[in-house]
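In what follows, a structure is listed as structure tokens, so that the remarks can point back to it.
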Amino acid sequence: MAGECILCGKCLEVCPLLAATGREELGPRAKADLCALLAGDESLLASADVARLAGLCLGCGRCATVCSQGVDVPGLVAGLRAAHPDFKGWLWKTWLTHAKTLWPAGSAAARLVPESLRPDRFGPLLKMLAGLGAGPGLTPTLAPFLTPTSFPGTHRGERMLLFAGCTATLVRQQWLAAARSLLDGLGVDIQSGDFRCCGGGLKTAGFVDEARAMALHNIAVWRGAGRPKVVTFCVSCLSGLRGYDALFGDPAEAEVWRNSMTTLSILAKDTDFVISGAVPAQIAYHRPCHAHGADSDFLLLKAALGDRLVASTDRQCCGFGGVMSLGAPELADRVNARCWDQLAGAELVLTGCSACVARLAATAPQGVAVGHWLETVEIT
Ligand code: SF4
Ligand code: SF4
């Protein structure tokens, strides 16, 4: 796949790591070039150098979406990571594969550790865990302030599976409660499905076998339920689920899978909301890297909030970065700082990605609240 790169440079315009550092050797074209070089002769670079370079990618996928040649740079980087495993990767894998036990306890404990006392190696993880928190999310004086008053009947009685994702299931159950409340209002017949993690974070980090096992489990749940629509409310989960194509032997079934993916904000797009209570004057929206095309979360919020939604990011990444935030936290912080420059002045930042919520909540300036848009929805 690396050999298909024609060095056109189109991907350079969208890479948030390159934009934040100005270092072209960290950009997607250099990575594609490096992979082509290594495919020809593995011995050209020392293993440690390859591992270090492979660590320097946010896995945001922005480059792959603009590449006319179909070069999947994050996929190539994942291949390098798989071939050159290191401690950071192991730590990341442990965090994701033991989420059920590590996240709830870890997020509570992380909040108790003052930032100055967090050990360097675990600092970024602790920061994000603290940001995720198992608490109420947005401060009670700020949320919820969107009350649904009428629902469209488009999906009334339709049977669907809800893919809640790890964050909502393990540490932010209020997202799940708000999602269920909206789906109830829409009249959707929600079936419970014993889904596991989408596997997207593991796949990007190079843990292909673990990601594949999760994906096959999730596909089996979907098949067992009769292949209904699958509703998500995290765009990173949606991106992970959409990446299952290669696991289907039958292309027709792969297409049914792809078409079965939908988002809560698409289903709820014609819902009427009234604004009540104390609403921040300056609300901003962070567009996640994995929100491709029309961003249904933004469209729903814009329709509900109108001119109160004063700013939004477009090209800026939150700097979550997965395994990169462990190996090069200073670079991830530079990416994150550009994002906050764009969001300057907002009192509240909303988004539709669990990773972005974690990263932005962990880095928000004093007095700025960060949450998933579901936290603004009144549970009726
Ligand atoms: S990866 Fe794609 S967009 Fe980037 S330089 Fe190569 S061909 Fe162009
Ligand atoms: S995945 Fe993101 S950070 Fe990595 S090279 Fe592509 S655009 Fe840059």
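Just follow the structure's listing: the first ligand is 1, and inside any ligand the first atom is 1.
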Exercise for review: Please could you name the atoms of ligand 1 that Q69 approaches to less than 4.0 Å, counting only its heavy atoms?
Suggested key: 7 (S)

Point to revise | Distance from atom 8 (Fe) of ligand 2 to nearest protein heavy atom, with residue and atom | key: C15 SG, 2.4 Å

Practice item. Give the atoms of ligand 1, by number and element, whose distance to some non-hydrogen atom of G9 is under 4.0 Å. Key: 5 (S), 8 (Fe)

Review point. To the nearest 0.5 Å, what is the distance between CD1 (I190) and CG (L161)?
Key: 7.5 Å

Practice item. Quick one: sort the F233 and H372 rings into parallel, tilted or perpendicular, breaks at 30° and 60°. Key: perpendicular

Check your understanding: Aromatic rings H292 and H290: how do their planes relate, parallel, tilted or perpendicular, breaks at 30° and 60°?
Key -> perpendicular

Check your understanding: Got the closest protein heavy atom to atom 4 (Fe) of ligand 2, with its distance?
Key -> C57 SG, 2.3 Å

**Study point:** Closest protein heavy atom to atom 3 (S) of ligand 2, given as residue, atom name and distance to 0.1 Å
**Key:** L58 N, 3.4 Å

Point to revise | Closest protein heavy atom to atom 2 (Fe) of ligand 2, given as residue, atom name and distance to 0.1 Å | key: C60 SG, 2.3 Å

Practice item. Have a look at ligand 1 and work out which part of L7, if any, has a heavy atom under 4.0 Å from it: side chain, backbone, both or neither. Key: backbone

Review point. About how many Å separate CG of L18 and CG of L58, when rounded to the nearest 0.5 Å?
Key: 11.0 Å

Practice item. Assess C8: does it contribute an N, O or S atom lying under 2.8 Å from atom 6 (Fe) of ligand 1? Key: no

Review point. Do other residues, nucleotides or ligands put more than 12 heavy atoms under 6.0 Å from the CZ atom of R196?
Key: no

**Study point:** Enumerated ligand 2 atoms positioned under 4.0 Å from heavy atoms of G61
**Key:** 1 (S), 2 (Fe)

Practice item. May I ask you to say whether R315 pairs ionically with E13, meaning some side-chain N is under 4.0 Å from a carboxylate O? Key: no

Exercise for review: May I ask you to identify the nearest protein heavy atom to atom 7 (S) of ligand 1, giving residue, atom name and distance to one decimal place in Å?
Suggested key: I6 N, 3.4 Å

Study note, to complete from the structure: ligand 1 to C5, heavy atom cutoff 4.0 Å, flagged ligand atoms 1 (S), 5 (S), 6 (Fe), 7 (S)

Exercise for review: Assess whether atom CG of D341 is packed by more than 12 heavy atoms of other residues, nucleotides or ligands within 6.0 Å.
Suggested key: yes

Check your understanding: Do any N/O/S atoms of C11 come under 2.8 Å of atom 4 (Fe) of ligand 1?
Key -> yes

Check your understanding: How close does the nearest protein non-hydrogen atom get to atom 6 (Fe) of ligand 2, and which residue and atom is it?
Key -> C63 SG, 2.3 Å

Point to revise | Gap between atom SG of C353 and atom CZ of R359 - 0.5 Å precision | key: 12.5 Å

**Study point:** Within-shell test, P28 vs ligand 1, heavy atom, strictly < 4.0 Å
**Key:** no

Review point. For the side chain of S181 and the backbone of T380, is there at least one donor-acceptor N/O pair under 3.5 Å apart?
Key: yes

